[in-house]
Novice: 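Below are the structure tokens for one structure; questions will follow.
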Amino acid sequence: MATREIFTGMPWWVKWVAVPVIALVVFGGLIASVVGFLFSLLFKALIFVALVGGLIYVVRRFMSSSSSRGNW
């Protein structure tokens, strides 16, 4: 409520240009580190899923080939 009253008399460029630029300058490092952490976490999760999927594929392939050899 108080923020709305402060920005009432200000021009549009203060609300939509100056304030976001100041916020990016002040919190830019924090934003960059959070985004970097999220991308790192996503990349590690994708690597984990790929490795587990590959392991399951190899084990199933090995199990099916060893069971078919037992039928000979």
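What you see is a predicted model; the values in this text were computed from it and never measured.
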Novice: Hydrophobic cluster mates of F43, side-chain heavy atoms under 4.5 angstrom, ILVMFWY only, any path?
Specialist: I47, L51
Novice: Taking only residues two or more places apart in sequence or in another chain, which ones pass side chain to side chain contact (heavy atoms under 4.5 Å, CB included) with V52?
Specialist: F48, I56
Novice: Would you say Y57 and V49 are hydrophobically clustered, going by side-chain heavy atoms of ILVMFWY under 4.5 Å?
Specialist: no
Novice: Can you list the residues that meet the side chain to side chain contact (heavy atoms under 4.5 Å, CB included) rule with V35, with sequence neighbours excluded?
Specialist: I31, F39
Novice: Hydrophobic clustering (ILVMFWY, side-chain heavy atoms < 4.5 Å, transitive) - are L41 and V34 grouped together?
Specialist: yes
Novice: Let me check something: any side-chain donor-acceptor pairs from residues 6-25 under 3.5 Å, sequence neighbours excluded? List them with distances.
Specialist:
| from | atom 1 | to | atom 2 | distance (Å) |
| --- | --- | --- | --- | --- |
| T8 | OG1 | R4 | O | 2.6 |
| T8 | OG1 | E5 | O | 3.4 |

Novice: Please enumerate all residues that pass side-chain hydrogen bond (donor to acceptor under 3.5 Å, both in side chains) together with R60, with sequence neighbours excluded.
Specialist: none
Novice: I need the full list of side chain to side chain donor-acceptor pair (under 3.5 Å) pairs touching residues 33-48, with sequence neighbours left out, sorted by first then second residue.
Specialist: none
